[in-house]
Amino acid sequence: MTTPTCGCRPGVSGLDVQHQLAEAGVRLPIIFITGHGDIPMTVKAMKSGAVEFLTKPFRDQDLLDAIQQALDLDRVTRQRQEELADLRRRYGMLTPREREVMGLVTSGMLNKQVASDLGTSEITVKIHRGQVMRKMQAGSLAELVKMAEKLKLPPGV
């Protein structure tokens, strides 16, 4: 059995290139096209994030569908990355104390409990919480909690 190559360097398979791209942090939708594919190869490619694995011969429409799916996936991925970058930018605008308050509030603590935990007054916590809501552009506590989850903030931090 021959190992299919990617056409870019002799002896380098498409699976190798996919792995190298992933290790380098390059996230691109990948469509495999091969005349020598088998089931284990297909499974490995798909588990590693390939959008499609087409074996020759294939219909033109199959390739067009795979390209459309890859473009759609890439658009959604880029949009999520931009939203996360914007969220991180807003979080970066918080003072250290505001970050503490955000972490404690989004973990479910009441203002009174946050104040006790931080050794400050409840009114001070309310002021910080208001600043957090404004800077994070959160319309509600539920929205702030979702933001904290997207940022993968540990509870209470």
Side-chain angles (χ1 to χ4, degrees), residues 1-109 114 128-157:
M1 177 174 143
T2 61
T3 303
T5 61
C6 69
C8 36
R9 291 188 310 213
V12 178
S13 74
L15 292 171
D16 292 337
V17 172
Q18 181 186 33
H19 179 74
Q20 291 168 1
L21 287 171
E23 280 191 343
V26 177
R27 304 286 180 244
L28 293 172
I30 297 174
I31 300 168
F32 280 85
I33 298 174
T34 184
H36 304 286
D38 58 21
I39 292 173
M41 189 183 305
T42 304
V43 169
K44 185 173 182 180
M46 298 303 285
K47 281 187 174 183
S48 296
V51 174
E52 185 61 82
F53 196 99
L54 300 173
T55 54
K56 296 176 186 175
F58 55 84
R59 297 178 314 127
D60 290 347
Q61 190 60 49
D62 292 337
L63 179 57
L64 291 172
D65 291 345
I67 291 170
Q68 186 60 55
Q69 182 182 356
L71 291 172
D72 291 344
L73 177 64
D74 189 55
R75 182 179 26 76
V76 168
T77 299
R78 288 179 189 273
Q79 183 178 1
R80 284 185 184 146
Q81 288 171 340
E82 288 172 14
E83 289 171 2
L84 185 57
D86 184 52
L87 201 55
R88 286 183 178 139
R89 181 191 57 76
R90 286 185 263 154
Y91 184 74
M93 293 172 43
L94 300 179
T95 66
R97 178 61 91 179
E98 289 167 348
R99 289 180 186 175
E100 284 180 303
V101 169
M102 179 177 170
L104 295 170
V105 167
T106 58
S107 72
M109 292 176 73
V114 174
H128 285 306
R129 183 174 170 166
Q131 288 293 90
V132 169
M133 297 294 284
R134 184 183 61 75
K135 289 180 181 179
M136 292 302 293
Q137 300 173 9
S140 67
L141 178 58
E143 191 176 344
L144 190 65
V145 169
K146 287 179 185 176
M147 290 176 182
E149 288 173 358
K150 286 181 183 176
L151 289 168
K152 298 184 185 335
L153 299 179
V157 176

Donor-acceptor contact present, side-chain R27 to main-chain A22, <3.5 Å: yes
Check against side chain to side chain contact (heavy atoms under 4.5 Å, CB included), R129 and L141: CA-CA 10 Å; R129 183 174 170 166; L141 178 58; 3.6 Å; yes
Interatomic spacing from CE in M133 to NE2 in H128 - rounded to 0.5 Å: 15.5 Å
L21 side chain reached by I30 side chain, heavy atoms, under 4.5 Å: yes
F53 side chain reached by T34 side chain, heavy atoms, under 4.5 Å: yes
Minimum-distance pair of heavy atoms, taken over all atoms of M136 and R90: O-NH1, 2.5 Å
side-chain hydrogen bond (donor to acceptor under 3.5 Å, both in side chains) between T77 and D74, intermediate numbers included: CA-CA 5 Å; T77 299; D74 189 55; 5.7 Å; no
Euclidean distance, K150 NZ relative to R80 CZ, rounded to 0.5 Å: 9.0 Å
Over 12 foreign heavy atoms within 6.0 Å of CD1, I39: no
Value rounded to 0.5 Å, distance of CD in E82 from CD in Q79: 7.5 Å
M41 side chain near F32 side chain, heavy-atom distance below 4.5 Å: no
Nearest heavy atoms of A70 and P29, plus distance in Å: O-CG, 3.5 Å
Minimum side-chain heavy-atom gap L144-V132 below 4.5 Å: yes
Q61 and D65: side chain donor to acceptor below 3.5 Å: yes
Residues Q20 and D16: side-chain donor-acceptor under 3.5 angstrom: no
Interatomic distance, K135 atom NZ to E98 atom CD [nearest 0.5 angstrom]: 3.5 Å
NE2-OG distance between H19 and S13, expressed to the nearest 0.5 angstrom: 10.5 Å
Over 12 foreign heavy atoms within 6.0 Å of NZ, K44: no
NZ/NE/NH1/NH2 to OD/OE distance under 4.0 Å, R97 and E100: yes
Spacing of E52 atom CD and L63 atom CG [to the nearest 0.5 Å]: 9.5 Å
Any side-chain heavy-atom pair of T106 and L153 under 4.5 Å: no
